[in-house]
Amino acid sequence: MTVFVALGDSTTAGYGDRMPDGSWRGWAPILAAALGARLHNLAGSGAQTADVVSDQLPRALDLRPDVAAVIAGTNDTLRSPFDPARVAANLERTVAALRAGGAEVLTIRLPDPGRMFGLPGPLARPLARRMRDLNAAADRVAARHRTVHFDAAGHPWSYDRRMWSVDRLHPSERGHRFLACAFYDLLAARLGPGVGTRPDPTPSSPPPTRAAQTWWMATQGTRWMIRRSTDLLPGLLALAYAELHRPSDLAPGLPVPDHVA
C-alpha cells in the first residue's frame, strides 16, 4: 500500500473541517482515501518551518513515504522576526530529504491571509510581502526538486469565502476538499492512470449557519483568539508600526529588509 506522510501546520492537521465526533479531518485524509494510501499525519497546530525540519522530518523519513506533503510557512510570516532566507532553507532541507528518499512531494504556493482577514493596509501590505517571499522560496524548491506544486495563491477559488471556515484562517470542509482535489489532479497528471479515484469536491456536511458562526465566535472563537494573541497580536502590531514608518524612498514591490517589513 502507498504510504502518504503529511507535514505542516494546522491546515494539514485538518483545522476547519470538523467531524461529527469533534475531531479534525482535513484535506490529507480525503486525499489519502482517494489514493488508497495509508496516511501518517505529522502536522501540528502552530508549526513553523523550523518545527517541520526538527520535529516532523525525522519521523517522516523513518516512515519511508511514497508520497509526502510539505505545507508550511504561514506561521513564519505571522511572527517576528521573519527571516525569509531561513524559511527558504528549511523548505529546501525538508523537500530535498524527502525527494532523496524517493517520495513524490506535494508543495504549494499559499494564498495571502491578509485578503481573507480584510486587514487594513498597514497590516495587509507587509503580510503580502512576506507571503510573496515565502511563495518565491517554495517556487525555487519546487523547480529544483520537481515537486507536485499547486498554485493556490493564483487560483481564484482560494479567495472564495465559502472555501474558508469562520476563523478565515483555516479552510472549510469545501476548502479542504478543494485542496485534496487539486493535489489529486496534479498527482494523476504526474503519475498517469491508476492512482485511485478523484475525491468528491462536494462537502458532506452543510455549512454552518449564521447563528452557529456567531455562537462559535462568542465561545470557542474568543478563547482561540486570546490564545493566539499572546504571540500573534504583538507581531502584527509590530508589522503595522513598521509599515507606518516605512522609508518613503522604498518603492512598492522592491525587496524590503526584515527590520522594516
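Below, each value reflects all heavy atoms present in this structure, side chains not excepted, and no hydrogens, waters or symmetry copies. Nothing here was measured: the structure is a model prediction, and the numbers come from that model.
The closest side-chain heavy-atom distance from Val5 to Val67 is not below 4.5 Å. For the pair Pro111 and Trp164, the minimum side-chain heavy-atom distance is below 4.5 Å. The shortest side-chain heavy-atom distance between Phe4 and Arg38 does not fall under the 4.5 Å cut-off.
Salt bridge Glu173/Arg25: present, at least one basic N to carboxylate O contact under 4.0 Å. For the pair Asp139 and Arg109, the salt-bridge criterion is met [side-chain N within less than 4.0 Å of a carboxylate O].
Between Trp157 and Phe178, the ring-plane angle classifies as tilted under the 30° and 60° cut-offs.
Remark: the backbone N or O of Thr49 is paired with a side-chain donor or acceptor of Asp76 at under 3.5 angstrom. Between the side chain of Gln56 and the backbone N or O of Asp51, no donor-acceptor pair lies under 3.5 Å. Distance alone, capped at 3.5 Å, places no donor-acceptor pair between the Ser10 side chain and the Ala13 backbone. Between the side chain of Arg174 and the main chain of Arg162, no donor-acceptor pair closer than 3.5 Å is present. Remark: side-chain polar atoms of Asn75 are not paired, donor with acceptor, to backbone N or O of Gln48 under 3.5 angstrom. Judged purely by atom type and a 3.5 angstrom limit, Asp185 has no side-chain atom pairing as donor or acceptor with the backbone of Ala182. The closest donor-acceptor contact from the side chain of Ser54 to the backbone of Ala50 lies under 3.5 Å. Judged by distance alone, with hydrogens and angles left aside, the side-chain atoms of Ser172 form a donor-acceptor pair with the main-chain N or O of Met163 at under 3.5 Å.
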(request) Using the side chain to side chain contact (heavy atoms under 4.5 Å, CB included) rule, take Arg132 and Asn135 through it: C-alpha gap first, then chi angles, then the decisive distance, then the call. (result) CA-CA 5 Å; Arg132 286 196 296 270; Asn135 285 335; 5.9 Å; no
(request) Show the numbers, then the answer: is there a side chain to side chain contact (heavy atoms under 4.5 Å, CB included) between Ile108 and Leu179? (result) CA-CA 10 Å; Ile108 195 168; Leu179 277 176; 3.8 Å; yes
(request) Any chance you could lay out the side chain to side chain contact (heavy atoms under 4.5 Å, CB included) test for His40 and Arg59, step after step, and finish with the verdict? (result) CA-CA 10 Å; His40 299 270; Arg59 296 159 60 197; over 6 Å; no
(request) Kindly determine whether Leu98 and Leu7 satisfy side chain to side chain contact (heavy atoms under 4.5 Å, CB included), including the steps that lead there. (result) CA-CA 11 Å; Leu98 292 166; Leu7 300 83; 4.2 Å; yes
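Within 6.0 Å of CZ in Arg146 there are 12 or fewer heavy atoms belonging to other residues, nucleotides or ligands. The local environment of CZ in Arg64 is sparse, with at most 12 non-hydrogen atoms from other residues, nucleotides or ligands closer than 6.0 Å. At most 12 non-hydrogen atoms from other residues, nucleotides or ligands lie less than 6.0 angstrom from CZ of Arg86.
Nearest heavy-atom pair across Ala72 and Leu110 is O-CD1, 4.1 Å. Val87 approaches Phe82 most closely through the heavy-atom pair CG2-CE1, 3.9 Å. Contact between Trp24 and Met19 at its shortest, heavy atoms only, is C-CG, 4.5 Å. Nearest heavy atom pair, residue Ala103 against residue Arg99, reads O-NH1, 3.0 Å. Scanning both residues, Ala137 and Leu91, for their nearest heavy atoms gives CB-CD1, 4.4 Å. Residues Asp9 and Gly73 share a closest heavy-atom pair of OD2-N, 4.3 Å.
Interatomic distance, CG of Leu191 versus OH of Tyr184, reported as 10.0 Å (0.5 Å rounding). In this structure, the separation between CZ on Arg177 and CG on Asp17 is 7.0 Å, given to the nearest 0.5 Å. Atom-to-atom distance recorded for Trp27:CH2 and Ile71:CD1 is 4.0 Å, nearest 0.5 angstrom. The OG atom of Ser158 lies 8.0 Å from the CG atom of Asp151; values are rounded to the nearest 0.5 Å. Once rounded to the nearest 0.5 Å, the distance linking CE of Met131 with OG1 of Thr77 reads 4.0 Å. Atom NE2 of His176 and atom OH of Tyr15 lie 11.0 Å apart (nearest 0.5 Å).
Under the side-chain contact (heavy atoms from CB on, under 4.5 Å) test applied with Val95, the options Val105, Leu57, Asn90, Leu106 reduce to a single match, Val105. With Phe183 as the partner, the side-chain contact (heavy atoms from CB on, under 4.5 Å) test is satisfied by one option alone out of Ile30, Leu35, Leu31: Leu31.
His170 and Thr11 share no donor-acceptor pair across their side chains, judged by distance under 3.5 Å alone.
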